[in-house]
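Have a look at the structure below, then the notes.
Scope of the values below: all heavy atoms of this structure, side chains included, with no hydrogens, waters or symmetry mates. Counting starts at 1 for both ligands and their atoms, following the listed order.
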Amino acid sequence: MRFSPVVLLSLVARATATILENGQERLNPYPGQADEVSLDGSWKQYANDAGEISYKGRWDSGFTSWWSVPGLKFGFTGDKLAVSFGKHTSDNVLVAYRVGGLDWEFSNVTADSAYQFVKPESSALEDTEYKDEKTFEMRVTNWVQISSVSVAADASLVKVPEHNKTIEVIGDSLASGQYATYEGLASWGFNFAAGLGNVEYTITAYPGICLTDKRCYGGDARGMKYQWSRASDVGDRANAAFGDSPEAWNFTAHRAADLVIINLGTNDEREQNNISGDEFYRNYVEMVEEVHKAWPDAQIVLMSLWGTFAKSGSTWVQRPIYGSEVKQVHEHFKEEGYVHYFDTSGILQHNDISPGGHPTDVGHLKIASHLMQWTKIKFDWEFSATGPEVQHDTTYWNNQESYKRWVASRRSM
Ligand SMILES: *[C@@H]1O[C@H](CO)[C@@H](O)[C@H](O)[C@H]1NC(C)=O
Ligand SMILES: *[C@@H]1O[C@H](CO)[C@@H](O)[C@H](O)[C@H]1NC(C)=O
Ligand SMILES: *[C@@H]1O[C@H](CO)[C@@H](O)[C@H](O)[C@H]1NC(C)=O
Ligand SMILES: *[C@@H]1O[C@H](CO)[C@@H](O)[C@H](O)[C@H]1NC(C)=O
């Protein structure tokens, strides 16, 4: 699900820092634009490999981020903070960042430059003291390379303890939020994992990718069955950097996932990829075996693929994809106890899918909310994000008096 006509629209939108909402320009789409800064003696610089900096998601050995919503997190003291981006940073890439549990702010950044995300006058510092340890978090919708992090010369970075649980979402454009307002930051994958609150998460998802190891779209060189074991994704940028020998992901150097959610197959099913149900089933079984081999204690959840919605007669009908195959994979592993099936039927309706074939922001939230509740019931995980913003820009409301009167007058008719 990639090279639909909407792709062009989104590339144009990115280049001009515009978010289109049903064709209308969103006002102030990226609150929080950071200024470029040149680092002088008033700063203390920490190299990208400083132990105080936690990298979330997948980064390669050169500190370049890959896949969906990779991030950085650390504590800092003082009243200013800057991040320097290396040469492998995409042009004007959108990053989301925040202090503590405050709302996400958005900024575009570019290669070979430093941006100041916290200033002495930043509202994020209200109600804090200079010497207090504040937390800084950044998530990247696309790709950056970190070269250093800087704070005031007399301040310091502090390592933030990690949450005890770890989630891995393995998916395609659906899990990575393609065409959603803030891309990865608006995806069900992010809303689910960040929504639970007390978990570390990695979203190994990339638009267009098949589960089967096949070139499914122009730029996507390999399928997930192969690429999951690599640090980088399958996009043009990764291919240009690594060709056919991408760096291996070192599973032993990173924490094992406790819970793995797989949503793959929507691209495999496309006619031009010619992947039969049998072939998909066999590959899916092997994929699950591979995940189990990497993380023997992980619970693995197979999501049914919601597919498409088509008008039929006087209503709309959901057409799931590989419905029986995903169930068969679950059946295959049932006895072993670590593979589970999450049925998405009935969560989305036809208008939760955008014209480009991906969930709307609301669609993403519906998937995430149901999956959160299911995870709570099934695995006894708690909801611990009880306040801080997860998905940005979803406060829609209507308090127009004229609307109320209209309702009242209709009622009285
Ligand atoms: C970066 O973001 C700012 C603020 O939204 C915007 O004015 C500017 O055009 C953006 N730059 C590019 C090249 O997109
Ligand atoms: C992780 O678990 C340990 C032991 O149960 C607990 O002391 C610690 O507070 C937990 N850490 C977080 C961040 O929840
Ligand atoms: C993977 O990480 C482990 C643990 O940090 C380390 O001992 C090992 O050398 C690494 N393997 C490779 C191939 O880098
Ligand atoms: C689709 O796959 C089948 C079985 O592998 C093969 O026989 C057929 O030629 C393929 N069709 C196309 C159009 O590639």
Side-chain angles (χ1 to χ4, degrees), residues 1-3 46-67 70-74 86 88 145-146 159-168 170 172 200-202 204 208-234 238 241-258 260 264-287 290-298 305 307 321-326 328-329:
M1 294 216 159
R2 227 168 136 210
F3 296 129
Y46 287 75
N48 50 15
D49 63 352
E52 292 85 353
I53 305 172
S54 302
Y55 288 88
K56 313 291 185 184
R58 291 200 182 185
W59 296 74
D60 69 20
S61 55
F63 299 93
T64 298
S65 64
W66 300 100
W67 303 96
L72 285 182
K73 197 170 181 182
F74 46 79
H88 297 303
Q145 180 182 34
I146 300 299
K159 175 113 187 151
V160 174
E162 294 200 350
H163 297 299
N164 285 332
K165 292 196 177 79
T166 302
I167 286 181
E168 166 102 2
I170 306 177
D172 51 29
E200 300 297 335
Y201 55 91
T202 293
T204 310
I209 199 166
C210 280
L211 182 151
T212 310
D213 185 16
K214 215 170 164 167
R215 175 186 283 270
C216 280
Y217 272 93
D220 290 354
R222 305 288 298 256
M224 192 60 94
K225 220 180 80 185
Y226 166 79
Q227 202 72 27
W228 185 68
S229 63
R230 306 286 115 184
S232 54
D233 55 54
V234 292
F242 306 117
D244 53 13
S245 50
E247 193 177 310
W249 180 248
N250 188 342
F251 285 96
T252 25
H254 298 87
R255 285 173 59 191
D258 298 300
V260 179
L264 282 171
T266 304
N267 291 305
D268 299 67
E269 195 265 353
R270 293 172 76 244
E271 204 181 327
Q272 49 271 60
N273 292 327
N274 193 26
I275 297 170
S276 68
D278 267 6
E279 192 179 350
F280 179 71
Y281 165 79
R282 277 186 280 111
N283 279 280
Y284 208 152
V285 167
E286 287 170 19
M287 175 93 213
E290 196 169 325
V291 173
H292 182 62
K293 203 168 99 201
W295 298 321
D297 296 329
L305 304 170
I321 287 172
Y322 290 132
S324 54
E325 286 81 3
V326 179
Q328 276 167 32
V329 177

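- Counting non-hydrogen atoms of other residues, nucleotides and ligands closer than 6.0 Å to CG of Asp244 gives a total of 12 or fewer.
- Residue Arg222 is tested with Asp233, Asp213, Thr212, Ile209 for a side chain to side chain contact (heavy atoms under 4.5 Å, CB included); the sole match is Asp213.
- In this pair, His254 and Trp249 present their aromatic rings parallel. The plane angle is below 30°, not in the 30 to 60° band.
- A salt bridge does not link Lys225 to Glu290: none of the charged nitrogens lies less than 4.0 Å from a carboxylate oxygen.
- Taking a cutoff of 4.0 Å between a charged side-chain nitrogen and a carboxylate oxygen, Glu52 and Lys73 do not qualify as a salt bridge.
- Enumerated by chain and number, the residues approaching ligand 3 to less than 4.0 Å through a heavy atom are Asn250, Thr252, Ala253.
- Evaluation of the ring pair (Phe, Tyr, Trp, His ring centres under 6.0 Å) rule for Tyr284 yields Phe280 as partners, not counting sequence neighbours.
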